[in-house]
Amino acid sequence: MLDVRRLRLLVELSRRGTLAAVAEALSYSPSSVSQQLAQLEREAGVPLLVQAGRRVQLTPQALVLVEHGIAVLDRLEEAEAEVARSLTAVGGTVRLAVFQSAAHAVVPQALTLLAAEHPALRVEVTEREPEAGLFEVAARDFDLVLAEQYPGHTRQHRPELDRVPLVADPIRLALPGDIPAPVAPARADATLADAASLPWVLEPAGTASREWAVQLCREAGFEPDVRFETADLIAHIRLIRAGHAAGLLPDLVWAGEPPSVRLAELPGRPQREVFTATRHAAATRPAVVACRDALARAARAATPAPRPAG
């Protein structure tokens, strides 16, 4: 009979691409991973790996085993969820991956709700960029991810994930308040084009939010002068508030509190979608269901959005 733990190593190799990446993810040594896969080959009675330069490739027979291995791991996870549903209290551990602004705005209130309603439940929170978090949930590094999607930017489709929308989060133009021209536009009803001559703060190049922001500015007829680049939206707020930059801020960053910078509507009133995702096999696990419910309630509480100034 094939060993489930070795099957998982093969599944991980199909996802991560190298023996070193599998070893790092599962806290093995590369030599141990190689030995375990060699043993799986002996159990299966067919070659599973072929050398391709410094890497290895999976044979057609290995891909067959990967498909069955995923199904076996899913069934085991479903069995664990069914056992957990038979209990009267929600407990265990949920490993949650979150992006930064959600960590500020949603997670603390969700943890407060969970502590009051499910004191036996342990939630471990790690900050991850959405794309990395989605991959790592699919790879079983996390149980649940809180992620975002910007208008017109679709993320890789992962059929193994159960995705549930959490909240539509408006995005607004953010400008320094009470700062003399020419550092900031003088009108309170400033538009995106009014900010064309200002320095900008945006998230790092390559992120969905950065690509969307740059495209929005180009549609308004200018290339943003990006002088500040950081993923920390709290840093964005402070730079804008101090009069050094303009930016684009989602409402969730205020966590329901009054804004400290001047806000103006953007063309079309764009929103980013905030959602949770977990493996289909884990979606009915009581601990995951409880976390999703708490995150949804916390997000709704945080989104009575600040009214734009002007």
Side-chain angles (χ1 to χ4, degrees), residues 98-109 127 129-130 148-151 153 167-205 207-274 298-310:
V98 302
F99 63 97
Q100 197 229 32
S101 56
H104 287 297
V106 177
V107 171
Q109 178 60 25
E127 186 178 319
E129 286 298 312
E148 62 179 354
Q149 182 163 299
Y150 274 77
H153 185 277
V167 69
D169 188 19
I171 307 167
R172 307 180 199 269
L173 173 64
L175 300 164
D178 300 323
I179 302 295
V183 179
R187 295 187 357 251
D189 60 343
T191 65
L192 189 60
D194 291 320
S197 62
L198 296 178
W200 280 74
V201 55
L202 293 177
E203 294 195 44
T207 60
S209 59
R210 172 68 168 268
E211 293 175 2
W212 175 79
V214 169
Q215 186 60 38
L216 195 71
C217 292
R218 289 173 179 169
E219 289 173 0
F222 69 95
E223 191 75 17
D225 175 14
V226 183
R227 297 191 196 177
F228 310 101
E229 182 178 276
T230 173
D232 186 349
L233 294 187
I234 302 304
H236 287 222
I237 291 172
R238 290 177 175 169
L239 285 164
I240 296 166
R241 189 171 60 211
H244 299 301
L248 301 173
L249 293 176
D251 282 355
L252 265 182
V253 76
W254 306 109
E257 297 178 355
S260 59
V261 301
R262 191 155 35 120
L263 298 176
E265 292 287 1
L266 290 166
R269 302 198 171 196
Q271 300 175 325
R272 65 175 179 174
E273 179 192 3
V274 180
R300 288 194 296 269
T303 40
R307 293 177 61 99

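From a predicted model like this one, the values you see are computed outputs, not experimental measurements.
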For side-chain contact (heavy atoms from CB on, under 4.5 Å), just list the numbers for F228 and H244, CA-CA rounded to whole Å, side-chain angles, deciding distance to a tenth of an Å, and then say yes or no. CA-CA 9 Å; F228 310 101; H244 299 301; 4.2 Å; yes
L192 and L266: CA distance, side-chain angles, deciding distance, side-chain contact (heavy atoms from CB on, under 4.5 Å) verdict: CA-CA 7 Å; L192 189 60; L266 290 166; 4.0 Å; yes
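Separating the OG atom in S260 from the CZ atom in R238 is a distance of 9.5 Å, to the nearest 0.5 Å. Note that CG of L239 and CG of D232 are 9.5 Å apart. Values are rounded to the nearest 0.5 Å. Note that CG of L216 is 13.5 Å distant from CD of E211, once rounded to the nearest 0.5 Å. How far CG of L198 is from CZ of R227: 9.0 Å, rounded to the nearest 0.5 Å. To the nearest 0.5 Å, the span separating CH2 on W212 from OG1 on T207 amounts to 12.0 Å. One distance of note links CG of L173 with SG of C217; it measures 8.5 Å at 0.5 Å rounding.
Side-chain atoms of H236 come within 3.5 Å of backbone atoms of T230 as a donor-acceptor pair (strictly under, hydrogens ignored). A donor-acceptor distance shorter than 3.5 angstrom exists from the side chain of D169 to the backbone of D251, with no hydrogens or angles considered. Here the side chain of W200 pairs a donor or acceptor atom with the backbone of A195 at under 3.5 angstrom. At distances below 3.5 Å, not a single donor-acceptor pair connects side-chain atoms of R272 with backbone N or O atoms of Q149. Of the possible polar contacts, one joining the Q100 side chain to the L233 backbone as a donor-acceptor pair under 3.5 Å is found.
Two residues are said to be in side-chain contact when any heavy atoms from C-beta on lie closer than 4.5 Å; P270 and Y150 fail this criterion. Under the 4.5 Å side-chain criterion, counting only non-hydrogen atoms from C-beta, E223 is in contact with V214. Using a 4.5 Å heavy-atom cutoff, the side chains of E273 and E148 are not in contact. In this structure the side chain of I237 reaches within 4.5 angstrom of the side chain of W254, judged on heavy atoms. Side-chain contact between I240 and L249 is present, with at least one heavy-atom pair separated by less than 4.5 Å.
Looking at every heavy atom in both residues, L252 comes nearest to A299 through CD2-O, 4.4 Å. Of all non-hydrogen atoms in A264 and R172, the two that sit nearest each other are O-CB, 3.5 Å. In terms of heavy-atom proximity, E129 sits nearest to A231 at OE2-CB, 4.5 Å. Scanning both residues, P204 and E229, for their nearest heavy atoms gives CA-CG, 3.4 Å.
Using a cut-off of 4.0 Å between Lys/Arg side-chain N and Asp/Glu carboxylate O, E203 and R210 are scored as not salt-bridged.
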